[in-house]
Each structure stands twice: as C-alpha cells, then as structure tokens.
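Numbering starts at 1 and runs along the sequence shown. We count ligands from 1, going down the list as the structure has it; atoms in each ligand are counted the same way. It should be emphasised that the depicted structure is a prediction, and the values quoted were computed from it without experimental measurement.
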Amino acid sequence: MKRVHNFSAGPAALPAEVLKKVQTELLDYKGKGRSIMEMSHRSPEYSEIHEQAGEKLKKLLNAGEGWNVLFLTGGASTQFMMIPMNVLNKERTADYINTGSWSTKAIKEAKYFGNVHVPYSSEDLNFTRVPTDNDLNLSDHATYLHFTSNNTIFGTQFPKEPASNGAPLVCDASSDFLSRPVDLDRYGVIYAGAQKNLGPAGVTIVMIHDRFLENVLPDPKPTILKYQTHLEKMFNTPPVFAVYTVNYVLDWISEKGGVNAFAEINEEKASLLYNEIDRDEFYRGTAEKASRSRMNVTFRLSSEELEAEFLKEAADEDLVTLKGHRSVGGIRASIYNACDMESVQTLVSFMNDFRDRKG
Ligand SMILES: *Cc1c(COP(=O)(O)O)cnc(C)c1O
C-alpha cells in the first residue's frame with residue numbers, strides 16, 4: 001500500500017492516524033459487533049460521539065458561554081440560504097464582503113430574503129485580494145457582516161477578522177476552520193463544510209451564539225431549516241459516519257497542540273511554497289502578497305503547456321490533485337491541516353527541480 005502526497009482542495013486529505021483508527025473499528029465498534037454506521041443515531045454509542053464532538057470543538061476554540069454546535073447536512077451551500085432565512089427580511093440589511101465565487105453564491109441566496117449591501121468586492125480584480133479595514137464601506141445597522149475567511153478557489157485569506165461597525169460576524173470558514181485561532185467574541189455564526197479541513201463530506205459544522213439567536217425572526221419556515229428545530233433536539237438522522245470521523249479529527253488536532261500549533265505549522269508550510277514561488281519569475285503567485293492564503297496556494301507558470309507538463313510530472317512523483325480550479329486555471333496546492341510538512345517539502349523540491357530543468 002502507498003499513500004500519495006494529496007493536495008486536493010476538497011474532499012481533502014485526512015490524517016492517516018484517523019483513517020487507521022476508523023479502519024480498526026469498521027467491523028466492530030467497541031465490541032458491538034457492527035460499525036457505527038449500522039447503529040441508531042439515538043443509540044448511547046452515537047449520542048456520546050455527537051455530544052463529545054461538540055464539546056471538543058468548543059474546547060479547541062476556547063468557546064465560552066452561549067455557543068451552540070450543530071452538525072447539519074446540506075453543505076456550506078445550505079447555510080448560504082439558511083442564515084438569511086432565519087434572520088433577514090425586507091426591513092433588514094446584511095453586509096456581505098465579496099471575495100470570490102463562494103461569497104458571490106452566498107450573496108445571491110441572501111437577496112431572496114432581505115437587503116444585501118456589499119461593503120467591498122474584489123470581483124473587478126478577479127478576486128486576487130481581500131480588503132483591509134479601510135476598504136470597507138460598511139452600512140450603519142447591518143444585522144450581520146458575512147465574510148468568507150479563506151477563498152478556496154482564488155487562494156486568498158483574511159489575515160484577521162474584518163472590521164464590522166459592531167455587527168456580529170457571520171463567517172463561511174469552510175476551507176480554514178481550525179487552521180488557526182479566531183476571535184470568537186466577534187462572531188454570531190461560523191460555519192464550515194467538513195470536507196476541507198475537518199473530515200469527510202456529509203456534515204456541516206455550524207457554531208451559533210445565543211446572542212445571534214436573538215435576531216431570529218418569529219417563525220421561519222420550513223421546519224428543517226429553522227435553527228431552533230436543531231437546537232431543541234436531534235431533529236432527524238445526522239450524518240453519523242461523518243460526525244464520528246470528525247470526532248477523531250478533533251482528537252488529532254488537540255493531540256498535535258490545538259489550533260495555535262496548527263497556525264504555526266500552516267504558516268511554515270505556506271512560507272516554504274511562497275518562498276519557492278517568489279524566487280524568480282518562473283512561478284507566479286496569483287494572489288496579492290498581503291492576501292495570500294495559507295491553505296490554498298495558487299500559482300501559474302509561463303504557459304498552459306508548461307502547466308500541463310508540471311502537473312503530469314508531479315503526478316509521476318505521487319504529487320497529486322494540483323490542478324487549479326477551472327475558473328482560475330494554473331496550479332493550486334491545498335495544504336490543509338492534514339497535509340503534512342513532508343508533502344509540502346516534497347512538492348517544493350519538485351518545483352525547484354522542475355525549474356532547473358525547464359527554466
Ligand atoms: C467548498 C466550499 C463551499 C461549498 O461547500 P459545500 O459543503 O459543497 O456546500 C463553500 N464555501 C467555501 C469557502 C468552500 O471552500
């Protein structure tokens with residue numbers, strides 16, 4: 001058996017330790033003679049996992065009083081609609097910073113429910129940057145300020161939370177959740193599809209604060225899209241296998257030193273790649289330097305032919321899924337928490353060697 005160096009943007013690499021653990025429990029979970037996938041979601045075994053995962057998540061983020069954790073389905077894309085459905089109407093306005101395709105999609109959905117003001121958009125710059133606080137033209141009484149902390153496709157990332165005029169932040173953190181600490185006091189909601197940095201596809205983590213719930217409209221419908229429905233009890237069958245795996249990924253993060261430790265390692269991994277890119281003109285980073293992502297490193301070579309050669313030769317060295325998103329082209333190395341230093345070092349030495357031969 002061999003494991004490749006996996007730079008997939010999502011569903012992305014998972015820690016080998018976690019996969020092994022899952023493998024050992026697949027036929028017989030804790031002496032029950034069946035896997036966790038084959039038990040009731042109301043069984044004591046699964047209930048314990050569900051509860052523990054929520055508690056571990058809060059602990060990793062130092063979340064204080066008032067934070068609720070939900071494990072929902074429908075992907076981050078469902079949250080694009082669920083958030084405004086619960087709190088926006090035609091009398092209210094939400095601010096949405098537009099820094100890429102995912103923000104654009106979130107804006108489209110919010111407009112079905114209420115007023116949307118866009119305090120900043122980098123669309124005319126092909127989303128190559130995120131705003132500084134001075135760039136933001138915020139509205140006065142926004143119900144919330146929505147931003148996408150890391151732009152998976154364009155390779156940009158907010159270096160810190162944007163300024164907000166006191167409006168609570170609502171964040172799509174799908175591609176950098178738990179890659180670094182966050183200033184939770186400023187958030188109302190933080191949500192993330194698990195398949196980038198947290199686990200397998202199928203579960204969306206939604207952290208929502210009691211403060212934010214005060215904004216919820218009297219009786220939003222339909223039932224399954226109301227946050228209250230899921231806060232009261234486990235309303236329907238959660239994605240048990242995904243939550244079970246996320247629970248082990250959370251253990252793994254905490255064993256490795258938690259989000260602060262990952263922030264450092266991720267910074268180091270990204271620096272290795274950006275240093276290689278910046279060495280000369282052979283590789284060209286696509287994002288503005290101050291906006292560069294530590295999760296998705298995007299770059300181009302001098303021609304599409306050379307990029308195709310790069311991808312092919314990389315794959316021959318087991319460096320896989322490095323192709324950029326179809327809307328951007330070029331190369332994208334996604335280096336989430338589970339992509340280890342050794343994979344990044346192997347990629348950097350391949351890049352160095354490729355430049356020596358083709359430059
Ligand atoms: C992948 C991604 C999404 C879409 O997530 P789904 O779970 O497929 O709906 C949304 N936002 C960001 C930032 C992403 O990276």
Side-chain angles (χ1 to χ4, degrees), residues 6-14 70-85 94 96-110 112 120-123 127-131 144-159 161-162 169-180 182 187 189-207 224-225 230 238-239 241-243 245-246 249 266 270 286-287 291-298 321 323-328 332-339:
N6 184 0
F7 298 95
S8 174
L14 287 165
L70 299 172
F71 297 103
L72 303 181
T73 52
S77 302
T78 295
Q79 295 308 306
F80 294 168
M81 160 269 280
M82 196 158 156
I83 292 159
M85 192 205 92
Y96 273 76
I97 300 175
N98 190 6
T99 48
S101 330
W102 297 116
S103 319
T104 305
K105 288 182 177 162
I107 289 169
K108 179 178 176 213
E109 300 306 308
Y112 293 134
Y120 174 84
S121 171
S122 50
E123 189 176 5
F127 299 120
T128 49
R129 73 186 291 263
V130 295
Y144 58 87
L145 170 67
H146 183 281
F147 73 111
T148 311
S149 49
N150 180 74
N151 300 286
T152 327
I153 294 174
F154 295 95
T156 65
Q157 185 179 28
F158 280 80
E161 286 87 357
L169 299 175
V170 171
C171 179
D172 174 2
S174 290
S175 51
D176 68 355
F177 195 47
L178 302 189
S179 73
R180 60 179 180 179
V182 288
Y187 290 77
V189 184
I190 180 162
Y191 64 97
Q195 70 272 23
K196 273 100 186 204
N197 209 24
L198 289 179
V203 63
T204 309
I205 284 99
V206 180
M207 289 183 69
I224 194 165
L225 296 178
H230 300 280
F241 188 68
V243 176
T245 311
V246 165
V249 173
N266 290 329
T286 56
S291 300
R292 281 174 165 178
S293 167
R294 295 114 175 130
M295 299 276 99
N296 309 97
V297 177
T298 51
T321 40
K323 196 172 167 47
H325 190 271
R326 59 193 178 280
S327 63
V328 182
R332 170 174 55 174
S334 299
I335 51 170
Y336 305 118
N337 285 357
C339 174

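- Not a single heavy atom of K105 sits closer than 4.0 Å to an atom of ligand 1.
- When only interatomic distances are considered, the shortest N/O to N/O separation between K196 and ligand 1 falls below 3.5 Å.
- In this model, no donor atom of one side chain and acceptor atom of the other lie less than 3.5 Å apart for N197 and S175.
- Set against the non-hydrogen atoms of Q195, the atoms of ligand 1 under 4.0 Å away are 5 (O), 6 (P), 7 (O), 8 (O).
- The ligand atoms of ligand 1 that sit less than 4.0 angstrom from a heavy atom of T148 are 13 (C).
- At a 3.5 angstrom cut-off on N or O pairs, A76 counts as close to ligand 1.
- For T78, the heavy-atom gap to ligand 1 stays at 4.0 angstrom or more.
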Worksheet item: Do Y144 and Y187 pass the ring pair (Phe, Tyr, Trp, His ring centres under 6.0 Å) test, and can you show the C-alpha distance, the side-chain angles, and the key distance before you say yes or no?
Response: CA-CA 9 Å; Y144 58 87; Y187 290 77; over 10 Å; no
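- Checked by distance only, ligand 1 and T152 come closer than 3.5 Å through their nitrogen or oxygen atoms.
- Comparing D176, D172, I153 against atom 13 (C) of ligand 1, the shortest heavy-atom distance belongs to D172.
- Close contacts of ligand 1 with N150, meaning ligand atoms under 4.0 Å from a residue heavy atom, involve 13 (C).
- Between Y191 and F80, the ring planes lie perpendicular to each other; the angle is over 60°, past the 30° to 60° tilted range.
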Discussion item. Run Q79 and S174 through side chain to side chain contact (heavy atoms under 4.5 Å, CB included) and show every step you take.
Written reply: CA-CA 11 Å; Q79 295 308 306; S174 290; over 6 Å; no
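- Nearest non-hydrogen protein atom to atom 9 (O) of ligand 1 is S77 OG, 2.6 Å.
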Item to complete: Before giving the answer on side chain to side chain contact (heavy atoms under 4.5 Å, CB included), spell out for T128 and F154 the whole-Å C-alpha distance, their side-chain angles and the decisive distance to 0.1 Å.
Response: CA-CA 7 Å; T128 49; F154 295 95; over 6 Å; no
Item to complete: Evaluate the criterion side chain to side chain contact (heavy atoms under 4.5 Å, CB included) for residue pair F127 and V328; output intermediate values, then yes/no.
Response: CA-CA 10 Å; F127 299 120; V328 182; over 6 Å; no
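- Side-chain contact check for T148 and D172: no donor-acceptor pair (N or O, by modelled atom type) lies under 3.5 Å.
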